[in-house]
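These numbers come from the heavy atoms of this one structure, side chains and all, not from hydrogens, waters or symmetry mates. Residue numbers start from 1 in every chain, and the chains themselves are labelled A, B, ... in the order their sequence lines are given, proteins ahead of strands.
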Amino acid sequence: MSNDTRILYCHCVYAKVIPDETRRAVLAELSASGVAFDAVADLCEMSARKDPALKRLAGSGAVRIAACFPRAVQWLFHAADAPLPETGVDVFNMRDEAPADVVAGLSEGRTSEARS
Amino acid sequence: MSGKGRLDKDRLRVVLYEGPGAAPLADEARFETLVALLEDGHQVTRPAAGTAVAAADDSQHLVLGRFDDASAVNDAGFQSFDISDLDPAGVLEGVKARVSDVGADQPGGWKPWFPVIDYDRCTNCMQCLTFCLFDVYGVDGQQQIDVQHEDKCKTDCPACSRVCPEAAIMFPKYKKGPINGDVVREEDLQNESMKVDISALLGGDIYSALRTRQSEARQRFSTERDESKALLERKRCLAKLKKNLDIPDEVLMTLPSVGDIQDRARRAREKAERRQDRSQTMKDRRPTEDDWGI
Ligand code: SF4
Ligand code: SF4
């Protein structure tokens, strides 16, 4: 993994739309991996409340995000006046993807288009 | 709890530090500590040599660690918190106490349910603004539709996403796509349960007026509107919404009165008439909040 691509993990804590076993498996792997990451409780809540931390999370360059649907994540950041960069963003969907695939994506990135 | 409006003070950035001057945590302790903090609504950064995290900004940082020597952390201007003898619950209690001490926002307490607009799809037709009974929507300085009062949205009500003709409104915590942010497919746009004709809710020919923005359509809108018929149609439609589309009772019970609807219709008609007078100069303009009398 390139040194300047960050990882952002969303725990989706205020509604159970991500399976609990997926959240725990992804977070456990990240926690044990020795890589750096930012973790947030709930990107939706941060967006609704215009949390200035979103600017920090969006504005620090390339990032791989473990959350939910890429379209939702993109516009949640936009709604908080903290748009994600046009390039260098990979979003992995913990609603649909297996934990192992999310973890592999976070460490290796996607070869395909970032936000589709 | 800090409520659900926009933040009026920053939050604390919690950093779980295991670098020079601090002993590493056991894998299980690190994981359970992260879970405890996240479940309580905190933001946690775990730095590690050789990989990046979001850059430091002017928010307050609280650096947790099993410190032998916290001087490097303190000298850098960060507040440190020695967690050597604490289990995850103890760490959480300590963090909460420090959040309170520094007057930072205490997170939590609200299921964040609110519309998120996909501006790649939105055509700025204003149907959502016209439909929403709770003033969630507004327009920004560029006359662009905008979500302005997220906290007024009714939890678990996805009604406005059904009236959007472009499937541009998402509720990321909704169970099904494309409302939850999943890719929008052609069949979603055709699906009757995705698309509720707002003209049936409010009466008159608003839908077509919004689409064509032609003076002819505006004329029809202003002359054919019948408020009592509109109310009946709206009630019928709302009963259908409740049954088929997950619209909660709370929303249905907060219907505006006949007077409210008549007043809204009257203001819309007056605006439409005034707009007709200005039709030459308005020709290429998109409809705005002002145009529709909201
Ligand atoms: S962005 Fe997605 S994963 Fe994160 S809190 Fe919102 S719905 Fe949950
Ligand atoms: S109804 Fe949909 S397309 Fe129209 S303004 Fe609202 S979000 Fe945009």
A/Ser31 and B/Arg46 side chains, donor-acceptor separation under 3.5 Å: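 On atom types as modelled, these side chains do not qualify, holding no pair under 3.5 Å.
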How far apart are the closest heavy atoms of [X] and [Y], and which atoms are they?
| X | Y | answer |
| --- | --- | --- |
| A/Ala36 | B/Ala52 | CB-O, 3.8 Å |
| A/Pro52 | B/Asp10 | CG-OD1, 3.3 Å |
| A/Tyr14 | B/Pro112 | CB-CD, 3.3 Å |
| A/Ala41 | B/Gly41 | CB-CA, 3.4 Å |

Derivation and outcome, side chain to side chain contact (heavy atoms under 4.5 Å, CB included), residues A/His78 and B/Ile117: CA-CA 9 Å; A/His78 181 277; B/Ile117 298 175; over 6 Å; no
Heavy-atom contact with chain A under 4.5 Å, split by part of B/Pro47: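 Just its backbone gets close to chain A.
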Region of B/Val53 that comes under 4.5 Å of a non-hydrogen atom in chain A: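 Backbone plus side chain of B/Val53, per the 4.5 Å heavy-atom cut-off to chain A.
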A/Arg24, part contacting chain B, at a heavy-atom distance under 4.5 Å: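 Both backbone and side chain.
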Atom group of A/Leu43 that falls short of 4.5 Å from chain B, counting heavy atoms: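 Looking at A/Leu43, nothing touches chain B.
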Residue, of [options], that accumulates the most heavy atom pairs under 4.5 Å with chain A:
| options | answer |
| --- | --- |
| B/Val14, B/Asp146, B/Val44, B/Asp27 | B/Val44 |
| B/Lys175, B/Glu39, B/Lys111 | B/Glu39 |
| B/Glu18, B/Glu32, B/Gln43 | B/Gln43 |
| B/Val35, B/Asp118, B/Val15 | B/Asp118 |
| B/Ala48, B/Ala54, B/Ala49 | B/Ala54 |
| B/Leu25, B/Val184, B/Asp120, B/Asp40 | B/Asp120 |

Is the closest side-chain heavy-atom distance between [X] and [Y] below 4.5 Å?
| X | Y | answer |
| --- | --- | --- |
| A/Val13 | B/Leu38 | no |
| A/Ser47 | B/Val116 | no |
| A/Val17 | B/Asn180 | no |

Intermediate values then yes/no, side chain to side chain contact (heavy atoms under 4.5 Å, CB included), B/Met170 and A/Leu76: CA-CA 10 Å; B/Met170 297 174 278; A/Leu76 279 166; over 6 Å; no
Largest heavy-atom contact set with chain B, pairs under 4.5 Å, which of A/Ser60, A/Ala79, A/Cys12, A/Ala62: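 The answer is A/Ser60.
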Residue selection (most heavy-atom pairs with chain B, distance under 4.5 Å) from A/Val40, A/Leu57, A/Leu27, A/Val73: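 Result: the option with the highest number of such pairs is A/Leu27.
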Within 6.0 angstrom of A/Glu97 CD, more than 12 heavy atoms from elsewhere: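 Enclosed: over 12 neighbouring heavy atoms sit under 6.0 Å from CD of A/Glu97.
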Rounded distance [0.5 Å steps], [atom1] in [X] versus [atom2] in [Y]:
| X | Y | atom1 | atom2 | result |
| --- | --- | --- | --- | --- |
| A/Phe37 | B/Leu16 | CZ | CG | 8.0 Å |
| B/Arg11 | A/Met46 | CZ | CE | 7.0 Å |
| B/His42 | A/His11 | NE2 | NE2 | 12.5 Å |

Salt bridge flag under 4.0 Å for residues A/Lys50 and B/Glu150: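 The answer is yes: the pair qualifies as a salt bridge.
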SB check B/Asp182 A/Arg71 (cutoff 4.0 Å):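 Looking at B/Asp182 and A/Arg71, the cut-off is not met.
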Residue among B/Phe114, B/Phe171, B/Trp113 satisfying side-chain contact (heavy atoms from CB on, under 4.5 Å) with A/Cys44: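 Exactly one candidate clears the test, B/Phe114.
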Verdict with reasoning, B/Lys173 to A/Asp42, per salt bridge (charged side-chain N to carboxylate O under 4.0 Å, His left out): CA-CA 11 Å; B/Lys173 292 190 189 298; A/Asp42 196 294; 2.8 Å; yes
Flag, side chain of A/Asp38 to backbone of B/Thr45, donor-acceptor distance under 3.5 Å: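 Looks like no, no N/O pair under 3.5 Å.
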Exam field: side chain B/Thr51 to backbone A/Val35, donor-acceptor pair closer than 3.5 Å: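 No: the side chain of B/Thr51 does not pair with the backbone of A/Val35.
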